Structure formats: structure tokens, C-alpha cells
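One structure is given below, encoded as C-alpha cells.
Just so you know, these numbers come straight off a predicted model, no measurement behind them. Below, read A as the first sequence line, B as the second, and so on, with proteins coming before strands; counting in each chain starts at 1.
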Number of protein chains: 2
Amino acid sequence: MVSIVLIGTGNVARHLYDAFRSTDFCNIIQVAGRNEHALNYFKPRTATSTNFRELADADIYIIALSDDAINTVSDNLIVKNKLVVHTSGSVPLTALPGTNRVGVLYPLQSFTREFPVNFKEVPICIEAGNRADIEILNKMASALSDRVYDISYEQRKSLHLAAVFVNNFTNHLYAIGEDICLENNLPFSILHPLIRETSRKIEHVSPKDAQTGPARRNDTGTMEKHLEELDNATRAEIYSLISKSIRETHGRGID
Amino acid sequence: MVSIVLIGTGNVARHLYDAFRSTDFCNIIQVAGRNEHALNYFKPRTATSTNFRELADADIYIIALSDDAINTVSDNLIVKNKLVVHTSGSVPLTALPGTNRVGVLYPLQSFTREFPVNFKEVPICIEAGNRADIEILNKMASALSDRVYDISYEQRKSLHLAAVFVNNFTNHLYAIGEDICLENNLPFSILHPLIRETSRKIEHVSPKDAQTGPARRNDTGTMEKHLEELDNATRAEIYSLISKSIRETHGRGID
């Protein structure tokens, strides 16, 4: 069993904490965070501290903080010669203190407070400065998830960018869909089956092959009608631009 | 039991045909279509015709064709005083021949050939020229699906527009995500759990409340790095525009 000090109290820290507690391989012995109130979540079962100068002695230190905070905490970390890992999709190994062994344990998931996640299905991307530490991170990640990927920093960065498109941006398109429904006295739930089906389909068919709709058919009449219907300028821009991108992808860029 | 003549042989026609065949309330007695080859799918079990002047006598005629073709077929329909319905999200009742009773049966789903659909979960939007026909369409739709909505033309048009955002455009974002993965030697399947989770979450949390990511946090550093990483001009435009839209939605339009 490896002992862990978890630094951070946000969504990623909470979800990792819950997931680690259900494994036999990892034991979180302390949670450290600046926010006294946020530490309450962990206090019933684990020692906590608001002072980063009072970290317990552990095998591994996991910094589950925002990208900016990783740098600040790294610069002030008192531990030496330990395995120190962060959980970010876009921060390089070199951001971690060189006086320690360094690594990354990046769970590719969007965590929402109070919304439980089945960690077994969450892809975990790992990286480390040497082979032995990759093995340790692989064991830790495999205790949490069935999908562990040993990938480079460049790959991780790209994955983070791809995740912005398929998660953050997609979610914003859902929000636009919800708005259009509500503006027309329709429940957003009427779109749920379509959303579910669209996301399910691409596990079996490449999204490029699954593409349908007015832009794919180059149905300019319908597209013009839709643009007239959109009274929000930014949404009309989104409609035009993504339609253009679909036409470019399917070889109809020049009309 | 009502008898139906189905006009059309495309994806919507096929999926409707399969769904109607599993009900006790609707009996498809003929399928008509111009494409002789496409009629082969229906021939083993149902009479077919390539001649729209030889339609069988039935209670209901369903025109499951593209928006443009609905007009052409309507203009040349020989039947009179029957219930004639189309299946389009964006065509008004008035496109159907006034010499008949008219209606709409619009299944809100993206149909892909060879990709089975659980029709029980597909929302079906109905509209008709009079109350008695709404009742007939309601019975037909309820035989297919647990989600039947009696909505106006204006609502149906808006729903079709919302569907373009949450289905066609979302699918295109998935295609961009797939491309970024493949360009970096990552399997697209690494994004599947995130995609599934994002689509599942909004059945429980409003997408506006579920919004995360660099644009939501106004994390300009990460957004700049992402834009540098995107070497495709259209994708960079999409990134900037949707990020702007997210900031506007969450009250950070002016930075």
C-alpha cells in the first residue's frame, strides 16, 4: 500500500479522494488546502491541514489544483526526494519541483460537485520522469480505472484541447439548445434522447461518417431559414461558422 | 387497425417502417418510392410501387421524404379526402395538398442506416388540421413511442433548429476531437467516456450550470495556448467564437 498526501480541495481532489478510498492500494493519510471550509469534506475520515509547511510524510504527493496554483505550490513545497504528481492536462512535468521525482496523473473527465462519477471508466493519463515511477503511477491509476494511458506531454496537451471541443463546447451547444426550447415553451427534455443518441452513435461510427444535417447536405434553403430565425447575433455566427466547417470537412468548402 | 401507405425509401422511411411493423395499431399495406433498388428492403413483406399514380387505398398516407420532395409529391398526389402526413421538422402543414386532411408526424431523431433505434424513446411531434386527426396521430405515435408531443409549427421549427445545434453541430465537434486525437496518435476511444458523461450530465443538471472549461473560468492563458496549438484556421475561429459565446452567456463578455 502506498501512502498519499492530497493537496487541494476542489472537484478533482474530492473525486480522487473518494475513488482512492475505495481501493486497497492507496491510502490517503492527509489532505492539505488553504480553504478551511472546503477541508470539512475530508475531516471525518482523514487528517487535514491548512499549512503547506506541515505536510505529513508520505510516499506520494498529489497536487490537485488549478494550473496556476500548481506552480505556486511547487515553488513552496518542503518535501524532497518524493514522488510529486499533478493532475493537469496542460501543465508539463517541469512545473514540478526538481528536488523531487515528478509525475502526472491526469483524469480525463469533467467533474461536477455532487455528481458521482464511475471512476472505472475514466481514462487516466500518466507520465513520469523515470520508468520505476511510471510503474507506480500505473499501479495507482489501475486501482482506480480500467483505462490507463501512458502518454507524452504533447499528447496530453492535445487531448486537453480535444476535450475542450467535445466537452466544454458541446455543453455550450446543449445550453443554446436548452435556450431555444425554453424560448418556445418546450421542455429541454424533449432533446435528451437525441443528445444521448448522438453521443452513443460515435462509439460505433466515426463522427465524420455520422454527420447529417442541412450543412452536410448543403441545403442552403434550410440554412438561410435557420439564420433568419436566430435573433441572437453570436448564435447566428456560430451557426454560419460550424456549417462552413462541416462543408469544408466534407469537400464542399467553395459554394 | 389503421392502414398506411408509406411514401419514401430513405432512412426515416425505413426506421418508421420497422417501428410500425412492431405495433398492433398500424398496418403498412404499401411502400412507394422512385428508387427501385431501395424498394428491395420492403419487398419481402410489403407491396411496393415506383408509380405514385398507383397508390393503394389506405386510411393514412405518410410522406417520409426530404423537404423539397414533399412539395413535389404533394402537388402530384392522386388521393383525396384522406389523412396525409409528412415527417419533416421544418415544413408547414400547408405544404400538403388541401384536397386532403393534413398532419405531421415528426420523429425527433437522427437516423443512420443500419444503426438500430429504440423508437420507444424517440420523441414524436404531431400536428394536424383538426382535433379528430390529432387523436388519430396521437394513437399512431403512442403505438411507436412513449414520448408524444402535440406542438405548433413554430415550436416544431424551433425544435428543428435546436436539434441542429445539439446533434449536427455537436457531432461536428466530435469529428474535430477525433481528428486531434488521430493527429497525435491517440485513439478516439479515449474521449468516449468524457463524451458520454457530458451528454448524460445534462439530463440532471442544466447545461448552463454544468459549464466548465477555460472560457468559463476566463482562463486567458490556456485559451491563448490552445489557439497557438490549432493550425487549422477554421478550428481556431470556432475555438474563439464559442469561447466568446460562453463568456457572454456567463456575464464576462467584456474583458
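Both the backbone and the side chain of Glu121(A) come within less than 4.5 Å of a heavy atom in chain B. Both the backbone and the side chain of Asn185(A) come within less than 4.5 Å of a heavy atom of chain B. Residue Ser66(B): no heavy atom, backbone or side chain, is found under 4.5 Å from chain A. Of the two parts of Ile176(B), only the side chain, counted from C-beta on, holds a non-hydrogen atom closer than 4.5 Å to a non-hydrogen atom of chain A. Of the atoms belonging to Glu178(B), it is side-chain heavy atoms, and not backbone ones, that fall under 4.5 Å from chain A. If you measure heavy-atom distances from Ser152(A) to chain B, you find no contacts under 4.5 Å at all. Of the two parts of Phe111(B), only the backbone, made up of N, CA, C and O, holds a non-hydrogen atom closer than 4.5 Å to a non-hydrogen atom of chain A. Contacts between Lys225(B) and chain A at a heavy-atom distance below 4.5 Å involve the side chain alone, from C-beta outward. Only the backbone of Pro116(A) comes within contact range of chain B, with heavy atoms under 4.5 Å apart.
For residues 137-151 of chain B, a heavy-atom distance under 4.5 Å to chain A picks out Arg147(B), Tyr149(B), Ile151(B), given by residue number.
Taking the six-membered ring where the residue is Trp, the centroids of Tyr239(A) and Phe169(B) are separated by under 6.0 Å.
Ranking Ser206(B), Ser245(B), Gly213(B) against chain A, the residue ahead of the rest is Ser245(B), based on heavy-atom pairs under 4.5 Å. In terms of non-hydrogen atom pairs under 4.5 Å with chain A, the most contact-rich of Asn118(B), Val166(B), Asn232(B), Ile180(B) is Val166(B). Chain A forms more heavy-atom pairs under 4.5 Å with one residue of His204(B), Glu154(B), Lys157(B), Lys201(B) than with any other, namely Lys201(B). If you tally non-hydrogen atom pairs under 4.5 Å between each of Leu186(B), Val205(B), Asp67(B), Val164(B) and chain A, the highest count goes to Leu186(B). With respect to chain A, the highest number of heavy-atom pairs below 4.5 Å among Ile202(B), Leu191(B), Ile238(B) belongs to Ile202(B). Among the candidates Leu230(B), Val117(B), Val122(B), the residue making the largest number of heavy-atom pairs closer than 4.5 Å to chain A is Leu230(B). Among Asp209(A), Thr212(A), Leu161(A), the residue with the largest count of heavy-atom pairs under 4.5 Å with chain B is Leu161(A). Chain B forms the most heavy-atom pairs under 4.5 Å with one residue out of Cys181(A), Pro187(A), Ser199(A), and that residue is Ser199(A).
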Audit row: Thr234(A), Glu248(B), side-chain hydrogen bond (donor to acceptor under 3.5 Å, both in side chains) steps and yes/no: CA-CA 9 Å; Thr234(A) 304; Glu248(B) 282 175 2; 2.8 Å; yes

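With rounding to the nearest 0.5 Å, the separation of CD1 in Ile190(A) from CG in Leu159(B) is 4.5 Å. Here the CG atom belonging to Asn171(B) is positioned 4.5 Å from the CD atom belonging to Gln211(A), to the nearest 0.5 angstrom. Within the model, atoms CD1 of Ile195(A) and OG of Ser110(B) stand 13.0 Å from one another, a figure rounded to the nearest 0.5 Å. Separation of atoms CG (Leu241(B)) and OG (Ser240(A)) is listed at 9.5 Å; rounding is to 0.5 Å. Atom NE2 in His226(A) sits 5.5 Å away from atom OG in Ser90(B) (nearest 0.5 Å). Atoms NZ and CZ, from Lys208(A) and Phe188(B) in turn, are 13.5 Å apart once rounded to the nearest 0.5 Å.
In this structure, the side chains of Asp219(A) and Asp68(B) stay at 4.5 Å or more apart for every pair of heavy atoms. Looking at Arg196(A) and Arg200(B), their side chains never come closer than 4.5 Å, going by heavy atoms from C-beta outward. Taking the side chain as every heavy atom from C-beta outward, Thr249(B) and His172(A) approach each other to under 4.5 Å. Put simply, the side chain of His160(B) reaches to within 4.5 Å of the side chain of Thr222(A), judged on heavy atoms. Annotation: side chain of Phe165(B) is not in contact with side chain of Ile242(A) (no heavy-atom distance under 4.5 Å). A 4.5 Å side-chain heavy-atom check between Asn168(B) and Pro214(A) finds at least one atom pair inside the cut-off.
Here Asp179(A) pairs with Arg235(A) under the salt bridge (charged side-chain N to carboxylate O under 4.0 Å, His left out) rule; sequence neighbours left out.
Checking Thr198(A) against Asn167(B) by side-chain atom types alone, a donor-acceptor pair falls below 3.5 Å. Between Glu183(B) and Ser158(A), the side chains place no donor N or O within less than 3.5 Å of an acceptor N or O (distance only, hydrogens not considered).
Not a single donor-acceptor pair under 3.5 Å links the side chain of Asn184(A) to the backbone N or O of Gln155(B).
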